[in-house]
Amino acid sequence: MTPVHFTFSSAFILGLAGLAFHRTHLLSALLCLEGMMLSLFVALALWSLQFNVTNFSAAPMLLLAFSACEAGAGLALLVATARTHGTDRLQSLNLLQC
(Lines give C-alpha, C1' and ligand atoms only; values in the text may rest on other atoms or scores of the structure.)
Protein backbone atom coordinates (compact mmCIF):
# COMPACT_ATOMS: atom_id res chain seq x y z
CA MET A 1 0.00 0.00 0.00
CA THR A 2 1.45 3.32 -1.04
CA PRO A 3 1.59 6.23 1.42
CA VAL A 4 -1.06 8.08 -0.59
CA HIS A 5 -3.49 5.17 -0.33
CA PHE A 6 -2.71 4.81 3.36
CA THR A 7 -3.36 8.51 3.97
CA PHE A 8 -6.78 8.57 2.35
CA SER A 9 -7.89 5.24 3.77
CA SER A 10 -6.83 6.33 7.26
CA ALA A 11 -8.66 9.65 6.81
CA PHE A 12 -11.81 7.76 5.86
CA ILE A 13 -11.42 5.35 8.80
CA LEU A 14 -10.86 8.25 11.21
CA GLY A 15 -14.03 9.95 9.97
CA LEU A 16 -15.94 6.70 10.35
CA ALA A 17 -14.58 6.15 13.84
CA GLY A 18 -15.47 9.72 14.81
CA LEU A 19 -18.97 9.19 13.51
CA ALA A 20 -19.35 5.91 15.38
CA PHE A 21 -17.82 6.86 18.73
CA HIS A 22 -18.30 10.63 19.11
CA ARG A 23 -22.02 11.14 18.67
CA THR A 24 -22.81 13.81 21.22
CA HIS A 25 -23.64 16.70 18.91
CA LEU A 26 -25.27 16.73 15.49
CA LEU A 27 -22.65 19.17 14.22
CA SER A 28 -19.78 16.79 15.07
CA ALA A 29 -21.57 13.97 13.24
CA LEU A 30 -22.01 16.20 10.18
CA LEU A 31 -18.34 17.19 10.27
CA CYS A 32 -17.30 13.53 10.39
CA LEU A 33 -19.52 12.82 7.38
CA GLU A 34 -17.96 15.72 5.50
CA GLY A 35 -14.48 14.46 6.29
CA MET A 36 -15.39 11.05 4.94
CA MET A 37 -16.82 12.53 1.76
CA LEU A 38 -13.75 14.74 1.27
CA SER A 39 -11.39 11.79 1.59
CA LEU A 40 -13.51 9.85 -0.92
CA PHE A 41 -13.45 12.80 -3.31
CA VAL A 42 -9.68 13.20 -3.19
CA ALA A 43 -9.10 9.44 -3.49
CA LEU A 44 -11.45 9.20 -6.48
CA ALA A 45 -9.84 12.20 -8.17
CA LEU A 46 -6.35 10.81 -7.66
CA TRP A 47 -7.45 7.39 -8.89
CA SER A 48 -8.80 8.81 -12.14
CA LEU A 49 -5.61 10.87 -12.62
CA GLN A 50 -3.32 7.97 -11.79
CA PHE A 51 -4.85 5.53 -14.24
CA ASN A 52 -5.58 8.22 -16.85
CA VAL A 53 -9.23 7.26 -17.14
CA THR A 54 -10.91 10.06 -19.06
CA ASN A 55 -14.35 8.42 -19.06
CA PHE A 56 -14.44 8.49 -15.28
CA SER A 57 -13.22 12.06 -14.76
CA ALA A 58 -16.71 13.44 -14.07
CA ALA A 59 -17.31 11.10 -11.11
CA PRO A 60 -15.34 13.17 -8.54
CA MET A 61 -17.29 16.28 -9.47
CA LEU A 62 -20.56 14.37 -9.16
CA LEU A 63 -19.48 13.12 -5.74
CA LEU A 64 -18.58 16.67 -4.72
CA ALA A 65 -22.01 17.92 -5.85
CA PHE A 66 -23.77 15.23 -3.83
CA SER A 67 -21.55 16.07 -0.87
CA ALA A 68 -22.57 19.74 -1.08
CA CYS A 69 -26.25 18.74 -1.22
CA GLU A 70 -25.75 16.49 1.80
CA ALA A 71 -24.06 19.32 3.70
CA GLY A 72 -26.88 21.73 2.89
CA ALA A 73 -29.54 19.26 4.01
CA GLY A 74 -27.57 18.48 7.16
CA LEU A 75 -27.22 22.14 8.07
CA ALA A 76 -30.92 22.70 7.45
CA LEU A 77 -31.70 19.82 9.81
CA LEU A 78 -29.27 21.28 12.34
CA VAL A 79 -30.99 24.66 12.27
CA ALA A 80 -34.45 23.07 12.49
CA THR A 81 -33.42 20.91 15.45
CA ALA A 82 -31.76 23.81 17.22
CA ARG A 83 -34.93 25.90 16.82
CA THR A 84 -37.35 23.22 17.98
CA HIS A 85 -35.31 21.53 20.72
CA GLY A 86 -32.99 24.38 21.72
CA THR A 87 -29.84 22.27 21.32
CA ASP A 88 -28.04 20.06 18.84
CA ARG A 89 -27.25 17.29 21.33
CA LEU A 90 -28.30 13.94 19.94
CA GLN A 91 -29.30 12.64 23.38
CA SER A 92 -32.11 15.19 23.64
CA LEU A 93 -33.68 14.15 20.34
CA ASN A 94 -36.51 11.67 20.63
CA LEU A 95 -37.90 10.40 17.35
CA LEU A 96 -41.00 8.88 18.99
CA GLN A 97 -42.15 12.24 20.30
CA CYS A 98 -43.83 14.81 18.05
Side-chain angles (χ1 to χ4, degrees):
M1 180 182 280
T2 64
V4 174
H5 290 106
F6 178 73
T7 303
F8 295 120
S9 62
S10 64
F12 183 80
I13 295 297
L14 281 175
L16 189 64
L19 185 63
F21 297 127
H22 188 65
R23 293 186 299 179
T24 55
H25 293 280
L26 183 59
L27 185 61
S28 66
L30 289 174
L31 282 173
C32 288
L33 279 174
E34 285 302 312
M36 289 170 56
M37 290 300 285
L38 184 64
S39 68
L40 281 177
F41 167 72
V42 172
L44 197 60
L46 284 178
W47 178 78
S48 64
L49 284 175
Q50 182 181 7
F51 291 114
N52 201 10
V53 182
T54 57
N55 301 356
F56 204 62
S57 62
M61 297 310 271
L62 187 66
L63 182 73
L64 192 62
F66 281 135
S67 176
C69 293
E70 178 257 333
L75 287 176
L77 284 173
L78 178 71
V79 168
T81 349
R83 284 185 180 173
T84 57
H85 296 287
T87 183
D88 71 332
R89 293 184 64 86
L90 293 176
Q91 299 293 333
S92 67
L93 299 178
N94 189 1
L95 294 178
L96 299 176
Q97 186 179 22
C98 293

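Numbering starts at 1 and runs along the sequence shown.
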Q. Among the clusters formed by ILVMFWY side chains lying less than 4.5 Å apart, do L78 and L19 turn up in the same one?
A. no
**Q.** Partners passing ring pair (Phe, Tyr, Trp, His ring centres under 6.0 Å) against F6 (at least two apart in sequence or in another chain)
**A.** none
Q. Is it true that L27 and V79 fall in one hydrophobic cluster, defined by side-chain heavy atoms closer than 4.5 Å?
A. no
Q. So how far is it from H85 NE2 to L26 CG, rounded to the nearest 0.5 Å?
A. 10.5 Å
Q) If you group Ile, Leu, Val, Met, Phe, Trp and Tyr by side-chain heavy-atom gaps below 4.5 Å, do F56 and F8 land in one group? A) yes
Q.
Starting from L49, can I reach L63 by hopping between I/L/V/M/F/W/Y residues whose side chains sit under 4.5 Å apart?
A. no
Q) What ring-ring contact (aromatic ring centres under 6.0 Å, His included) pairs are there with at least one residue in residues 61-84, not counting sequence neighbours? A) none
Q: Find the distance between OG (S9) and CG (L14) and round it off to the nearest 0.5 Å.
A: 9.5 Å
Identify all side-chain donor-acceptor contacts of residues 29-43 below 3.5 Å with residues at least two apart in sequence or on another chain.
residue: E34; atom: OE1; partner: S67; partner atom: OG; Å: 3.3
residue: S39; atom: OG; partner: M36; partner atom: O; Å: 2.8

Q. Linking Ile, Leu, Val, Met, Phe, Trp and Tyr by side-chain heavy atoms under 4.5 Å, what else ends up with L77?
A. none
Q: Please collect all ring-ring contact (aromatic ring centres under 6.0 Å, His included) contacts where either partner lies in residues 14-36, sequence neighbours excluded, each pair once.
A: none
Q. Is W47 linked to L62 within one hydrophobic cluster, defined over Ile, Leu, Val, Met, Phe, Trp and Tyr using a side-chain heavy-atom separation of less than 4.5 Å?
A. no
**Q.** From OG1 (T24) to CD (Q91), nearest 0.5 Å
**A.** 8.5 Å
Q: List in chain and number order the residues that pass side-chain contact (heavy atoms from CB on, under 4.5 Å) with T84, two or more places apart in sequence or in another chain; answer none if no residue qualifies.
A: none
